[in-house]
Amino acid sequence: MKGRKSSKGGKGVDTRRYSRLVVDGVKQTPSRAMLRAVGYTTRDFQKPAVGIASTWSNLTPCNMHIDGLARETALGVSRAGGKPTLFGTITVSDGISMGTPGMRYSLVSREVIADSIETVVGAQGFDGVVAIGGCDKNMPGCLMALARLNRPGIFVYGGTIRPGAGHTDIVSVFEAVGGHARGTVSDAQLAKVEKAAIPGPGSCGGMYTANTMASAIEAMGMSLPNSSAQEAVSPAKADDCIRAGEGVMALIEAGIRPRDIMTRKAFENAITTVIALGGSTNAVLHLLAIAHSAGVKLKLDDFTRIGRRVPVLADLRPSGRYLMSELIAIGGIRPLMKTLLDADLLHGDCLTVSGRTLGEDLAMVAPYHPSQDIVRPLADPIKADSHLVVMYGNLAPEGAVAKITGKEGLRFEGTAKVFDSEEASLKAILAGRVKAGDVVVIRNEGPKGGPGMREMLSPTGAIMGRGLGDKVALITDGRFSGGSHGFVVGHLTPEAAVGGPIALLRDGDRITIDASKREINVSLSETEWRKRRRAWSPGAPYAERGVLAKYAREVSSASLGAVTDLPLPRVT
């Protein structure tokens, strides 16, 4: 078979820049032979090849429907003249593994997902990529891969779950466990919420990490308008997938690549939108990691700079009243983004995967109906500045991230109650050993020390369930689920495993958390600090072999996004 002529899109773009290396010419006859066996025809070899990365699994409701969405996306690619090929990657369930040793694999999975998508796309020579994610870690993992590959690509959000009976969701279940320990929730009530809270497919229903990251990705311009605000099982989501399949073909034709879209301004738009929505602290960790993959210099202090002028406007769970489905019903996040754009809080000149600028995409968006009370006007915010508070101090010299909505107050001073693992803290909370005025300290849960930086939804849910949400604080070198709320500070860096200050705390130490000053400190003399540091030694690693050990060796600090693909040292 003779080599084929170049396929050119607009402005002389080679629409088969990568696939031709796999299927063109006599020497690639074996490749074509194998591809024929999986359904390629002679005409298909002349089309741009599009990989569709599916995070489908039957492990979790967040992803149980994504195989169907992947097929809809493939239909869109085919309609637009491309050749789609579906492939899978892993996912793990935070909600199922929460509070168990398995949660150590959650953040690790983000790196595995990014690596696997990069690996498949690079090996197979796809000219474009559509990645479909529906759970906390596979979403940033998909974006990291798209940024690394820098081939025309679109992200599709799998969509949110519908509310459970009685306006319940997964966080209702975690908090009911605490209520059960307190005696305010009966066995029958606990069983009822367990059976009702998760009615079908889709990601957890509040402005938790999945919906937060979906909103951030849309604001960044890497998914189509409204992709973040659709129910998992809905005609709108199926249409979103078809349009994404068609859209990636348009990006290939135009030669538009992810790093043309994922600029510094685009990340600032993502941060602004996350703040206005009252989103998860995990957005800090994930946006830092995605920016690293995109070659954008983003720092913790950028969240503070932007947060000083951006208010919290959305009254969404976990700290608010409403679920994502209710936000969808009033128009999703687009009217909010239009409000922010009109107030000069978003960069309207940023390119998006629609091929238009964000300003052009939002130009015809109508405002919310005045009768709704889910999203406040700018003149009457829930909080005048960001709820994501980056703190420093002698407990976090490299930074920590707090989620302070204002309902918890802005300052907490209390006595340390120190635990060396999440399990130990949860046992004490449920047993009633944590009292008003305590600062619960959970350490050895950082990226290296966990390893894997587990989320503390079980302890925070138990604290809320026991009625202590406004009476105790919790600090950790681990992180929080988007469902966590209360006076909580995570991502303390340096972490305990590398000798960070949190490793030196003892029961009874006096800790002050001041959100106004953005400080977290313990009252200790320099002499006492030196004494404790001399006495400290690192503990044995949790894992000596396997993926957790490899992750612990490679992972960076949480203040850098907990990434594992740091540049190799230069040979001199």
Side-chain angles (χ1 to χ4, degrees), residues 107 110 140 209 212 216 264 267-268 270-272 274-275 279-292 296-308 310 385-405 408 410-412 416 439 441-456 473-482 484 487-505 511-522 524 529 555-564 566:
L107 192 58
R110 186 189 73 180
T209 303
T212 295
R264 181 175 178 83
F267 279 94
E268 291 182 349
I271 294 169
T272 296
V274 167
I275 292 169
S280 167
T281 54
N282 277 321
V284 178
L285 194 73
H286 295 325
L287 288 173
L288 288 171
I290 298 166
H292 170 80
V296 172
K297 293 183 178 179
L298 193 69
K299 298 181 179 179
L300 272 177
D301 291 342
D302 289 316
F303 290 82
T304 298
R305 175 178 56 82
I306 294 168
R308 291 186 192 279
V310 178
D385 57 0
S386 180
H387 64 300
L388 299 177
V389 181
V390 177
M391 296 183 174
Y392 294 93
N394 64 9
L395 275 180
E398 294 178 9
V401 180
K403 187 176 185 179
I404 307 294
T405 65
E408 311 85 355
L410 297 174
R411 191 177 188 278
F412 193 98
V439 177
V441 178
I442 306 177
R443 63 189 178 197
N444 300 313
E445 295 288 3
K448 288 183 178 294
M453 206 178 181
R454 289 192 288 180
E455 292 179 346
M456 302 294 128
L474 188 153
I475 69 174
T476 180
D477 53 5
R479 60 197 172 92
F480 296 109
S481 162
S484 292
F487 212 110
V488 296
V489 187
H491 308 201
L492 268 72
T493 54
E495 61 174 290
V498 298
I502 190 173
L504 309 182
L505 290 177
I511 294 172
T512 302
I513 306 165
D514 193 318
S516 298
K517 293 181 179 179
R518 302 175 186 272
E519 292 181 354
I520 178 167
N521 292 297
V522 61
L524 289 178
W529 274 121
V555 70
S556 73
S557 167
S559 63
L560 300 175
V563 296
T564 57
L566 295 172

Are the side chain of [X] and the backbone N or O of [Y] linked by a donor-acceptor pair below 3.5 Å?
X      : Y      : result
Ser556 : Val563 : yes
Thr493 : Glu398 : yes
Thr212 : Ser280 : yes

Closest approach of [X] to [Y] (non-hydrogen atoms, all atoms of both residues):
X      : Y      : answer
Glu268 : Ile306 : CG-CD1, 3.7 Å
Leu288 : Gly561 : CB-CA, 3.8 Å
Lys403 : Gly482 : NZ-O, 3.2 Å
Phe480 : Val489 : CE1-C, 3.4 Å
Ala283 : Val274 : CB-CG1, 3.9 Å
Ala558 : Leu285 : O-CD1, 3.6 Å

Among all residues two or more places apart in sequence or in another chain, which pass the salt bridge (charged side-chain N to carboxylate O under 4.0 Å, His left out) test with [X]?
X      : value
Glu445 : Arg454
Arg110 : none
Asp301 : none

With [X], which residues qualify under side-chain contact (heavy atoms from CB on, under 4.5 Å), at least two apart?
X      : value
Ala416 : Val418, Val441, Asp509, Ile511
Ala396 : Ala400, Leu492, Ile520
Asp302 : Arg264, Leu298, Lys299, Arg305
Ala473 : Phe412, Val439, Phe487, Ile513

For a 4.5 angstrom cut-off between non-hydrogen side-chain atoms, does [X] reach [Y]?
X      : Y      : value
Phe267 : Thr272 : no
Ser386 : Ile275 : yes
Pro451 : Val555 : no

Mind running salt bridge (Lys or Arg N to Asp or Glu O under 4.0 Å) on Asp514 and Arg411 for me, showing each step along the way?
-> CA-CA 5 Å; Asp514 193 318; Arg411 191 177 188 278; 3.7 Å; yes
Could you give me the CA-CA distance, side-chain angles and deciding distance for Leu388 and Val284, then say whether side-chain contact (heavy atoms from CB on, under 4.5 Å) is met?
-> CA-CA 8 Å; Leu388 299 177; Val284 178; 4.2 Å; yes
Can you check side-chain contact (heavy atoms from CB on, under 4.5 Å) on Leu410 and Ser516, steps first, answer last?
-> CA-CA 6 Å; Leu410 297 174; Ser516 298; 3.7 Å; yes
Test side-chain contact (heavy atoms from CB on, under 4.5 Å) on Val401 and Val389 and set out the steps.
-> CA-CA 6 Å; Val401 180; Val389 181; over 6 Å; no
Please name all residues satisfying side-chain hydrogen bond (donor to acceptor under 3.5 Å, both in side chains) with [X], sequence neighbours left out, ordered by chain then number.
X      : result
Thr564 : Glu111
Ser557 : Ser559
Asn282 : Thr209, Glu455, Arg479

Between Met456 and Ile442, is a side-chain contact (heavy atoms from CB on, under 4.5 Å) present by the stated rule, with each step listed?
-> CA-CA 9 Å; Met456 302 294 128; Ile442 306 177; 3.9 Å; yes
Atom pair CZ/OH of Arg518 and Tyr392 - distance to nearest 0.5 Å = 10.5 Å
Once you round to the nearest 0.5 Å, how far does CG of Leu287 lie from CG of Leu300?
-> 11.5 Å
Donor-acceptor contacts, no H, no angles, side chain residues 495-505, under 3.5 Å, sequence neighbours left out:
unit_1 : atom_1 : unit_2 : atom_2 : d
Glu495 : OE1    : Lys448 : N      : 3.4
Glu495 : OE1    : Gly449 : N      : 2.8
Glu495 : OE2    : Lys448 : N      : 2.9

